[in-house]
Amino acid sequence: MRSGHQKGVMHVRDLPLPAPVLDHYESLGIEELYPPQAEAVEAGVVDGDRVVAAIPTASGKTLVAELAMLTADGPGLYICPLRALAREKYESFSALPGVSVGISTGDYDSPADELADHDIVVATSEKVDSAIRNGADWVSDLACVVVDEVHLLGAEGRGPTLEVTLANLQRRAPGVQIVALSATVDNPEDIADWLDADLVESTWRPVDLRTGVYADGSVEFNDGTDLSVGVGEGEDGEIPDGEDDETEATVALVDDAVNGVGGQCLAFVRSRREAEALAQRLAHERLGSEEADAVADDLTAVDDTTTGQRLADCVRDGVAFHHAGLRSTHRAVVETAFRNRKLAVICATPTLAAGVNVPARRVVVRDQQRYTGSQMEYLPVLEVHQMCGRAGRPHLDPYGEAVLVGDESSKAELDERYVDADPEAVESKLRDRNALRTHVLSIVATGFADSRETVLDVLGATFYAHRTPVAELSGIVDTVITELVGMEMLTDSGSGTLAATDLGAQVSKQYVAPETGARIVAGLRRAVEMRDESVTGLTVLQLVADTPDMQDTYLGNRERAAMYQFARAHDAEFTVGMNDAEEFERWLETVKTARILHEWTEGESMETIVENYRIGPGDLESRVERTEWLLGAADALATLLDLDVPEVGRVRSRL
DNA sequence: ACAATATGGGTGTAGACAGCATGTC
DNA sequence: CTACACCCATATTGT
């Protein structure tokens, strides 16, 4: 786009920044702006202008964000999609001299009354949405909003939240400077148009990246270079018959990267189990060190789970695995150790592709397809590109290498689909009924609208509306309004005036889905009827487990019979019994979730639960976290409707 | 006779945001 | 409509 008119090199010291900040950058060795950064400055990032920058990760996005917020005439907000990313940015912004930084995420929060006093606030998009719903006034004082990973606008579920939040933010703080940072996508101009911003588009990276497909012992990179890899030239010198080709190719590629050029390597596979299996296979290559031993000790200090133990064992040999079944502390230890070069390899599921910064010399994408219930599907191009984009460590590598593992028959397809292909376009997912139900409720509850017309008017400021006439939403909006009225969350005066009921307002503030709110209310009412002894901890846990805001827990065939027995034995305790369950299988899963949580509140150890129910420590952790949240919402709704179910508070305190 | 290996059926499969009020090192 | 790695039980083959 603008790369044609670079006017030589731009220097940091020429930017309108406070002297201490300039000194700070200088001490970090940041003197000249990278080309995409210079383009962002030319586009007006430091002049309060709106800019959308579609540039690769690690091409200096953080500095662009800092420049925007530091030069803005008032407080800045930095929005990102993950709590771990929020922490990372909070720490790097905090290093800026004379800048006070706050953070607001679900798990970690600066005190709310201080939030207004910070120069920069870092938050997740849901937290910002929540702040708007709860009428936080610091929102309207913002002079600058930086949105990281704005391409997530296209994500199902969370994308609609982001676009509605950005639409509402502009309503609350008219004329704010918006700087949106996107991965390279097919239609960044649509995002820029929507936000009324200038577009900066670049593929420039501080470290070059070459990408290629491995087939039959060699890789052909897209820069014309080749790499041949001796498969099976490991310690034992030969490939045992029947060994999986792709895994052995991956091992050879990893070995070559680590031993050949002294680099670190990331390997992406499709499932948790395969991530662990590959890590164990690679551990035989003995890539460990004394530093790795220390990391392993940190890991075992966290808990006594077998997962932690297996992880530590691999780590002693310099290899880690990484997936969502790991506890967040385990994940963080692995990420930090890798960044500090104490680990040679991480074998990961796609979690790592979109997470915190973990650059490697080489990235090997062993699996490009994923299980989706009954069939295999190719991963989105954007996701594979994000994995590949982790290749190339600034100041360490002359270039990064990304290798997709294929074979003779798949090579052409992989080249065409990923190496030579552009990523998908970002498309709004706001049309989704569940998303709309949540947001229509919050739009009315916040007072942004009081009729179907004004609801549509508010939605007119979304990304969806920029590409599709909002009128096309009116049918779904009508349906959703009817549903919300039926749930007693909205009232329709008849003359077209909509208002949120106390219940609707509370549901919106608690940030649960309307359906979750409705189910909780129905469950609480039932519990009050049940009165006495049959209401137990299990009752309220199953109640919150059986809402769309709790994730499913897989119920294996082997444990189904035992779970059925358990459910039958405790049937009288459930607000929805087994005979009233709409979908029995799903209901039985909620019983499993509740049973696990119940054991947890009864003081059972994580190790035992994780073994008995075949779930990862991270899965337990995240369910406990959600339960705290949902029980909090249940408590608030019980108070509002005067439904006295003491077990809610009792279980809550035991968590 | 008994162990190593082959065959077959069954199973399970990525990820992760949000409220709120105390208590604690 | 489409996979596939792993686990386990049982069948088959080898010495």
Side-chain angles (χ1 to χ4, degrees), chain A residues 79-86 104-109 111-112 123-134 152 155-162 165 241-244 246-247 268-278 281 322-326 328 331 348-355 366-380 383 387 438 442 506-513 516-517 544 547-552 554-560 614-616 618-619 621-623 625-637 639 649 652-653 655:
Chain A
I79 304 178
C80 67
L82 299 172
R83 300 193 293 210
L85 280 176
S104 183
T105 69
D107 61 340
Y108 190 70
D109 232 333
T124 53
S125 34
E126 284 74 11
K127 194 69 182 192
V128 177
D129 186 20
S130 168
I132 292 172
R133 293 189 194 189
N134 287 287
L152 285 174
E156 242 160 274
R158 302 187 63 195
T161 306
L162 184 56
T165 299
D241 273 350
E243 281 285 346
D244 174 20
E246 291 178 342
T247 297
F268 287 100
V269 296
R270 84 187 110 209
S271 72
R272 296 175 178 186
R273 204 169 53 186
E274 287 173 54
E276 297 192 18
L278 181 60
R281 168 67 186 83
H322 188 287
H323 56 65
L326 297 186
S328 47
R331 278 194 261 178
T349 56
T351 6
L352 205 59
R366 196 196 68 181
D367 303 330
Q368 302 88 28
Q369 291 182 305
R370 173 196 299 157
Y371 309 103
T372 51
S374 56
Q375 73 195 51
M376 295 292 277
E377 258 172 30
Y378 276 105
L379 299 176
E383 206 168 309
M387 294 177 185
T438 297
S442 92
Q506 191 58 235
V507 163
S508 177
K509 286 180 98 169
Q510 293 296 319
Y511 212 81
V512 295
T516 295
V544 296
T547 62
D549 278 314
M550 177 67 81
Q551 73 260 68
D552 306 339
Y554 187 81
L555 181 62
N557 272 325
R558 280 192 288 278
E559 50 185 345
R560 176 169 283 105
R614 312 159 63 86
I615 60 172
D619 299 315
E621 201 173 62
S622 72
R623 275 160 187 76
E625 211 172 70
R626 279 195 197 209
T627 305
E628 287 172 17
W629 163 50
L630 290 170
L631 283 178
D635 222 355
L637 294 174
T639 308
R652 241 186 117 185
S653 62
L655 281 166

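Residue numbers begin at 1 in each chain, while the letters A, B, ... track the order of the sequences.
Atom CG in A:D367 sits roughly 9 Å away from atom P in C:dA5 (whole-Å rounding). We find that CG of A:L326 is positioned 12 Å from P of B:dA14, with the value rounded to whole Å. Between the CD1 atom of A:I615 and the C1' atom of B:dG15 there is a distance of 16 Å, rounded to whole Å. Taking atom CD on A:E276 and atom P on B:dA14, their separation rounds to 11 Å, with Å as the unit. The distance from atom CZ of A:R281 to atom P of C:dA5 is 15 Å, rounded to the nearest whole Å. A straight line from CD of A:Q368 to P of C:dC4 spans 12 Å, rounded to a whole angstrom. Here the C1' atom of nucleotide C:dC6 and the CZ atom of A:R270 are 12 Å apart, to the nearest Å. Rounded to a whole Å, the OH atom of A:Y371 is 13 Å from the P atom of B:dG12.
The C1' atoms of B:dA16 and C:dA5 are separated by 26 Å, rounded to the nearest whole Å. Rounded to the nearest Å, the gap between the P atom of B:dA18 and that of C:dC1 is 39 Å.
Partners of A:E377 under the side chain to side chain donor-acceptor pair (under 3.5 Å) rule, at least two apart in sequence or in another chain, do not exist in this structure. In this structure, the side chain to side chain donor-acceptor pair (under 3.5 Å) partners of A:S104, at least two apart in sequence or on a different chain, are A:D109. Residues meeting the side chain to side chain donor-acceptor pair (under 3.5 Å) test with A:R560, sequence neighbours left out: A:N557, A:E585. Every residue meeting the side chain to side chain contact (heavy atoms under 4.5 Å, CB included) condition with A:S125, not counting sequence neighbours, appears here in chain and number order: A:I79, A:R158, A:L162. Remark: A:Q369 engages no residue in a side chain to side chain donor-acceptor pair (under 3.5 Å) (not counting sequence neighbours). Applying the ring-ring contact (aromatic ring centres under 6.0 Å, His included) criterion to A:H323, with sequence neighbours excluded, gives A:F321. When the side chain to side chain contact (heavy atoms under 4.5 Å, CB included) test is applied to A:T547, the partners found at least two apart in sequence or on another chain are A:T516, A:R519, A:I520, A:D549, A:M550, A:L630. Partners of A:L152 under the side chain to side chain contact (heavy atoms under 4.5 Å, CB included) rule, at least two apart in sequence or in another chain, are A:P81, A:E149, A:A155. For A:A277, there are no side chain to side chain contact (heavy atoms under 4.5 Å, CB included) partners two or more places apart in sequence or in a different chain.
For the pair A:R83 and A:Y108, the cation-pi test (distance below 6.0 Å, angle within 45°) is failed.
When the side-chain nitrogen and oxygen atoms of A:T372 are compared with OP1 and OP2 of B:dT13, none of them lie within a distance under 4.0 Å. For the pair A:N557 and B:dG10, the criterion of a side-chain N or O lying under 4.0 Å from OP1 or OP2 is not met.
A salt bridge is absent between A:R331 and A:E621: the closest approach of a Lys/Arg side-chain nitrogen to an acidic carboxylate oxygen does not fall below 4.0 angstrom.
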Next item on the list: Classify every nucleotide of nucleotides 16-25 of chain B by which part a protein heavy atom approaches to under 4.0 Å, writing B for the base, S for the sugar-phosphate alone and - for neither, in 5'-to-3' order.
Entry: BBBBB-----
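Counting only Watson-Crick and G-U wobble pairs whose two key distances fall under 3.5 Å, DNA chain C forms stems of three or more stacked pairs at B:1-13 with C:3-15.
Residue A:G556 is classed as a sugar-phosphate contact, given heavy-atom separations below 4.0 Å to backbone atoms only.
Across the interface with DNA chain B, nearest-nucleotide mapping of A:R558 and A:H322 shows A:R558 to be the residue nearer the 5′ end.
Using a 4.5 Å cut-off on side-chain heavy atoms (C-beta onward), A:R366 and A:F268 make no contact.
Pair assignment for B:dT22 gives none, since no Watson-Crick or G-U wobble pairing has each distance under 3.5 Å.
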Would you tabulate the pairs of protein nitrogen or oxygen atoms and nucleotide nitrogen or oxygen atoms of nucleotides 7-9 of chain C closer than 3.5 angstrom?
none

